[in-house]
There are 2 protein chains.
Amino acid sequence: MRKKSDGDRSTSLHDVTIVDVADEAGVSYATVSRVINNKDHVSPEKRERVLRAMAQLGYVANLQARSLAGGSSHVVGLLVNYLSSSYTIEIMRGIDEVLQTHHYDLVLYTTHTRKTKESAYVARLTRHLADGLLLILPQETTSYLDALRQRRFPHVLVDYLSDGAYAPSVATTNFQGAYDAMNYLLELDHRRIGFITGGRETGCAQQRLEGYQAALKDHGLPYDPQLVYYGKFLQPQGYQGAQTLLNLADPPTAIFASNDSMAFGVMEAARERGLHLPEDLSILGFDDIPQAAQVHPPLTTVHQPLNKMGQRAAELLLDYMADPLAPIERIELPTDLIIRQSCQRRSER
Amino acid sequence: MRKKSDGDRSTSLHDVTIVDVADEAGVSYATVSRVINNKDHVSPEKRERVLRAMAQLGYVANLQARSLAGGSSHVVGLLVNYLSSSYTIEIMRGIDEVLQTHHYDLVLYTTHTRKTKESAYVARLTRHLADGLLLILPQETTSYLDALRQRRFPHVLVDYLSDGAYAPSVATTNFQGAYDAMNYLLELDHRRIGFITGGRETGCAQQRLEGYQAALKDHGLPYDPQLVYYGKFLQPQGYQGAQTLLNLADPPTAIFASNDSMAFGVMEAARERGLHLPEDLSILGFDDIPQAAQVHPPLTTVHQPLNKMGQRAAELLLDYMADPLAPIERIELPTDLIIRQSCQRRSER
DNA sequence: AAAATATATGCAAACGTTTGCATCGACTGG
DNA sequence: CCAGTCGATGCAAACGTTTGCATATATTTT
């Protein structure tokens, strides 16, 4: 029982609806809806009239009503665990680019790594708000992934390739990237190489660790657990890890961090100890976020095409939204070792 | 005419609605709605029963229906011109924090500085989708700001304090910040100080320029337009600006960039020219984004409480959403000169 | 104790769409 | 020339809420 004076319809205060357009064009509102949704069974002449009326009245679709009535909301949800990392932002940019060209809106949820929140948001989004869902580096997938799949709710994971969860995803060649990086360090004669991992629960961190181990093995070097520090992809843990590793009786001559942020933390610690970079310590990162090229010395790192990952994820999602029954696809993009100046041949001393 | 087999109601496929909750609790759905919205006129006993039923059935409100029926959508729109800059992200984090605690969702629009898009999005959002609107560093405000105010649609601008547009906003003491920074450089005996501005159309860029000019004047120094390069807040323009300024017949001994990103560009250019920092060139930024402390040498810069700005903006918006008739408020937060290592006393030579 | 008032509750309409079904007219084939 | 088809169009129901109004019940006042 909304009150609305009769005059409203003629004033600018009243939002113009499908009915107004219909009146203006002299057709029924069902026809207008058909025009809007590009359906068949509308004569070219009326279609033209409707289009003109829409433009004239400045019609803007009401998404709420549309999706309530069973249409699509033209909204996709994006679940992100931590907003600040450049890693996330770069991926978001890629996503945003393609979503924008397809005229989709983006609802953003940050979970701050609270697992409970993640589930709650997924429920919220998939119930009503969004047509599809993108998850960047999700923490706990098991709890809702099954539900998503069962309900055939379109979704794509970015950067998660655990073995258990079989879901559409976009990731990179984490194993190979780490392997290549290690090869490079080993060729620079480093023999004790520290490794700082990311969150244990993420697939990509696990794979990078495996790449590290495999490279050692292929070079006939032993795997020393002491040289591995368990971080969570954040800079302070890189700092802490470096301190721990460099305090070892037989400290590493190179440290490979599982992402760039932690590599920055390593740099910080090294500098604080009065070490010269890269002479006294070689440092290698993973991700190639924009800052990697800007720090000093510029960071040698494994490039992930973050922007591209976002794009592909969004495109894949759009595919699923068009056809929820499409087969599950897992895209893996290649990484690339970017050699800058943070690594050096181990000095003979 | 949705088809839905009768069995659905009992299966998990059917979304649980207010009606289901009402049935379960043995009350009418209107009562359930009242409980959900914390309205009066519900007996404690029934309220309790409804709450229990909601929990048991796992009820999730349908935002679409809610806002269609005249309630609030619990969504706020965020308009951002460029996603990648840390400046933006830090503000977003602040916004996200408070919105999250108030259980609001965030719809993100990036305009990529396309003015036409900005207007279109505002129309889209304010018509239906969102209850309120936040704009970070909006480019063209004149076109829709009047409309927002007239319709009493809650909105808050972040970092825009032009004289013309009188709108609720959160910003910092741009003039004073620039003035303080200049004072510092002048006290370090620099006499030719280059300035790289941000986008001419933004209020903050304008005010920083004025601070620059005022400081010169107060120290009895002439204003040399040659020393001012017009950028747009992006790193490449800092690089370009530095090249231009350092190519001058009488180049500056210090460069003050209107934001940190451009200061990084200056560093890049300086290093490329083989200059030693800070011995050969003092560099000063504005914003104090996280990277400022990480580059080498660590950047002396004017700290803006970006996170806080976001928080205050969101809080202010919530106020307006609670009371759209509240008087227009313009918050100005203090800046703070953070002295790191990118500036040095001008060497006598 | 009756009247007046306040409180609790339910009913039904409305929000702006989408879409199944019915209708109507025009065209096709025999 | 008539039955049969098919495309164009409109009507009305449904989506899941909120909320004004009416009604029933409890509480206060006189």
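Source: prediction; values computed, not measured. Keep in mind that the numbers below use all heavy atoms, side chains included, and drop hydrogens, waters and symmetry copies. Quick note on labels: first sequence line is chain A, next is B, and so on, each numbered from 1.
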[atom1]-[atom2] distance between [X] and [Y], expressed to the nearest 0.5 angstrom:
| X | Y | atom1 | atom2 | answer |
| --- | --- | --- | --- | --- |
| B/Phe153 | B/Thr126 | CZ | OG1 | 5.5 Å |
| A/Asp96 | A/Ile91 | CG | CD1 | 13.5 Å |
| B/Leu306 | B/Asp159 | CG | CG | 8.5 Å |

With a 4.0 Å limit, can you tell me whether [X] has a side-chain N or O closer than that to the phosphate oxygens OP1/OP2 of [N]?
| X | N | result |
| --- | --- | --- |
| B/Tyr29 | D/dT19 | no |
| A/Arg66 | C/dG16 | no |
| A/Thr31 | D/dG10 | yes |
| B/Ser43 | C/dT9 | yes |
| B/Ser33 | D/dT18 | yes |
| B/Thr17 | D/dG16 | no |
| B/Lys46 | C/dT9 | yes |

Between atom [atom1] in [X] and atom [atom2] in [N], what is the gap in whole Å?
| X | N | atom1 | atom2 | result |
| --- | --- | --- | --- | --- |
| A/Asn62 | C/dA14 | CG | C1' | 13 Å |
| B/Asp15 | D/dC15 | CG | C1' | 11 Å |
| B/Asp20 | D/dC15 | CG | C1' | 13 Å |
| B/His41 | D/dT18 | NE2 | C1' | 15 Å |
| B/Met54 | D/dT17 | CE | C1' | 13 Å |
| A/Arg47 | D/dA8 | CZ | C1' | 11 Å |
| A/Arg34 | D/dT9 | CZ | C1' | 6 Å |
| A/Asn37 | C/dT17 | CG | P | 11 Å |

- Task: For B/Ala65 and for B/Val42, locate the closest nucleotide of DNA chain C by heavy-atom distance; then report the residue assigned to the nucleotide nearer the 5' terminus.
- Result: B/Val42

- Message: Measuring only between side-chain heavy atoms, which start at C-beta, is B/Ile95 closer than 4.5 Å to B/Gln311?
- Response: no

- Query: For A/Leu325, does its backbone N or O pair with a side-chain atom of A/Asp323 as donor and acceptor, under 3.5 Å?
  - Reply: yes

- Nucleotide nearest A/Tyr59 when distance is taken to its side chain, options D/dT19, D/dT17, C/dT17: C/dT17

